[in-house]
Amino acid sequence: MARTVLRGPGRSDALRLPDNDALRARQTARGEGMPFPKAGDLSKTLITEAKDTPERAWLAEVSAVILQQSLRDLDAAYKNFFDGLKGKRPRVGAPRYKSRKDTRQSVRFTANARWSITPGRKLRLPKIGDVRVKWSRGLPSVPSTVTVVKDSAGRYFASFVVETGPQEALPETTPELGIDLGLGHFAVLSDGTKVASPRFLRRARKRLKKAQRALSRKEKGSKNRDKARVRVARAHAGVADARREFHHQLSTKLIRENQAVAVEDLAVKGLARTRLAKSVHDAGWSAFVAMLEYKAARYGRTLVKIGRFEPTSQVCSQCGVQDGSKPLHVRVWTCGTCGAVLDRDINAAVNVAKTAGLAVTACRAQVRPGRVPAPRDEAGTHPTPQPSTAR
């Protein structure tokens, strides 16, 4: 999207200050023991009447709809905060003031804002004008809301809210799959396929280091420092985009080719506090599993998450006997009961699928057949039956 969006004096403050004024008014009312002011009263005081004052006359430069939407978002933030305290939803922090130093901005235009898509495929926004758009895909239906986002790298994105129907469901298929996520390989599948880990962050380490070093040498508050900050942000954005594209391609492929997929519910936060933290963050397991989850729901597939404490790496997928924990450097092990020689990762992927109740075969989990001792009653048998010797 062209960078003409949200340009101009006072426009970024117009998106931030009404929200901060509303937050301050509610905090003041709480400190004085007064009831919270309603959104309608705040809209009248902080937007409508404020436009007539010399200090806030620049509020008229932006659409009134996005200012009112900012107050509605503050109401939703307060509701989520109080619902978390009551146990109705997971706890979230209290609303905070928006900083003018925050390089990320977003505005949401609802249908009342009278925005539109022109015949020339441009995005017409109120008080901004026509903006050229590079469309990533066609819209399946008429959008009801558009959100324009500016990220830390100075890029602008438009996100539309559209309605979709059940026509996206894929035809049913037979294969079912278990996935074992790791660091050596990003994903190991129960059919024996191993997906290499791209390690985008480590591959871009030299470029990021050079950009960060240049930023640290710039004088604080200078324009050169701001330019260097944007270069660092763009370098990190490139890494994040490459990782996200890899996650999208792999998750779409797995969902399209399998009727059911099973993954392990990993404790990513715990692993991120270990010496493997950089590799864990570079892999992005949580984002990948989230993609699998919403794509399975969209395309009519099944996603099963098993508990993180299941001993998938300790159980033999051939005979089901738990053979005890093993150090991480042990990648191939032999089952002491059935003698199967097992690949640690493939064996874990098969056990993930079996624990989830999926119908998978464990034949690929075995690297090579182990030597199984013959039973005593069969030792020394001949190819043809021999008469028994009387004693």
Side-chain angles (χ1 to χ4, degrees), residues 90-91 93 152-153 178-190 192-217 229 231-251 254 262-293 305-317 322-334 342-353 355 365 367:
R91 285 201 174 193
S152 298
I179 305 175
D180 178 61
L181 299 175
L183 296 178
H185 291 86
F186 177 78
V188 178
L189 313 182
S190 57
T193 304
K194 293 187 177 182
V195 181
S197 181
R199 299 179 179 177
F200 296 104
L201 182 61
R202 294 191 179 275
R203 284 163 50 184
R205 180 169 48 189
K206 290 184 178 179
R207 184 174 70 254
L208 294 173
K209 184 178 180 180
K210 181 179 179 180
Q212 190 66 47
R213 186 188 298 116
L215 173 62
S216 65
R217 292 172 177 172
R229 182 203 61 77
R231 284 192 289 269
V232 173
R234 287 180 178 176
H236 279 284
V239 174
D241 290 345
R243 182 187 299 113
R244 190 181 304 109
E245 180 68 15
F246 168 73
H247 288 167
H248 271 298
Q249 291 183 0
L250 180 58
S251 59
L254 296 179
V263 294
E264 189 176 2
D265 184 19
L266 297 173
V268 178
K269 289 185 178 180
L271 292 172
R273 291 193 293 265
T274 65
R275 61 184 179 85
L276 301 174
K278 181 178 290 188
S279 298
V280 170
H281 288 302
D282 194 10
W285 294 326
S286 297
F288 176 71
V289 174
M291 290 182 185
L292 286 176
E293 192 168 7
K305 293 183 181 180
I306 69 170
R308 63 187 60 170
F309 299 108
E310 292 290 338
T312 55
S313 298
Q314 304 177 19
V315 176
C316 174
S317 57
Q322 185 170 345
D323 204 17
S325 60
K326 300 162 188 64
L328 288 177
H329 69 272
V330 177
R331 310 315 302 173
V332 178
W333 57 283
T334 304
L342 305 168
D343 181 284
R344 181 191 185 108
D345 297 326
I346 300 178
N347 179 73
V350 173
N351 286 328
V352 167
T355 304
V367 177

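Excluded from the calculations below are hydrogen atoms, water molecules and symmetry mates; all remaining heavy atoms, backbone and side chain alike, are included.
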Donor on one side chain, acceptor on other, Asn347 and Ser317, under 3.5 Å: yes
In Å and rounded to the nearest 0.5 Å, what is the [atom1] to [atom2] distance from [X] to [Y]?
X      : Y      : atom1 : atom2 : result
Asp180 : His185 : CG    : NE2   : 11.5 Å
Arg244 : Gln249 : CZ    : CD    : 13.0 Å
Ile306 : Leu266 : CD1   : CG    : 9.0 Å
Ser313 : Gln322 : OG    : CD    : 10.5 Å
Arg344 : Leu342 : CZ    : CG    : 11.5 Å

Pairs of donor and acceptor atoms involving the side chains of residues 200-208, under 3.5 Å and at least two apart or interchain, shall be tabulated with distances.
unit_1 : atom_1 : unit_2 : atom_2 : d
Arg202 : NH2    : Ser279 : OG     : 3.1
Arg203 : NH1    : Pro198 : O      : 3.3

Which heavy atom of [X] sits nearest to which heavy atom of [Y], and what is that distance?
X      : Y      : result
Ala353 : Ala262 : CA-CB, 4.2 Å
Val268 : Ser286 : CG2-OG, 3.4 Å
Ala211 : Val232 : O-CG2, 3.4 Å

Pairs where residues 265-290 contributes a residue and the test salt bridge (charged side-chain N to carboxylate O under 4.0 Å, His left out) is met, not counting sequence neighbours: Arg243-Asp282, Asp265-Arg308
Intermediate values then yes/no, side-chain contact (heavy atoms from CB on, under 4.5 Å), Val289 and Leu181: CA-CA 10 Å; Val289 174; Leu181 299 175; 3.9 Å; yes
Ile179 side chain reached by Val352 side chain, heavy atoms, under 4.5 Å: no
Lys194 and Ile346, any side-chain heavy atoms less than 4.5 Å apart: yes
Short side-chain to backbone donor-acceptor contact, Asn351 and Val315, under 3.5 Å: yes
Exam field: side chain Arg229 to backbone Ser152, donor-acceptor pair closer than 3.5 Å: yes
Derivation of the side-chain contact (heavy atoms from CB on, under 4.5 Å) call for Leu271 and Leu276: CA-CA 7 Å; Leu271 292 172; Leu276 301 174; 5.9 Å; no
Pairing residues for His247 by the ring-ring contact (aromatic ring centres under 6.0 Å, His included) criterion, not counting sequence neighbours: Phe186, Phe288
Contacts of type side-chain contact (heavy atoms from CB on, under 4.5 Å), residue Val195, not counting sequence neighbours: Ala187, Phe246, Leu250
Residues in salt bridge (Lys or Arg N to Asp or Glu O under 4.0 Å) contact with Glu293, at least two apart in sequence or another chain: Lys305
For Thr355, all residues meeting side chain to side chain donor-acceptor pair (under 3.5 Å), sequence neighbours excluded: none
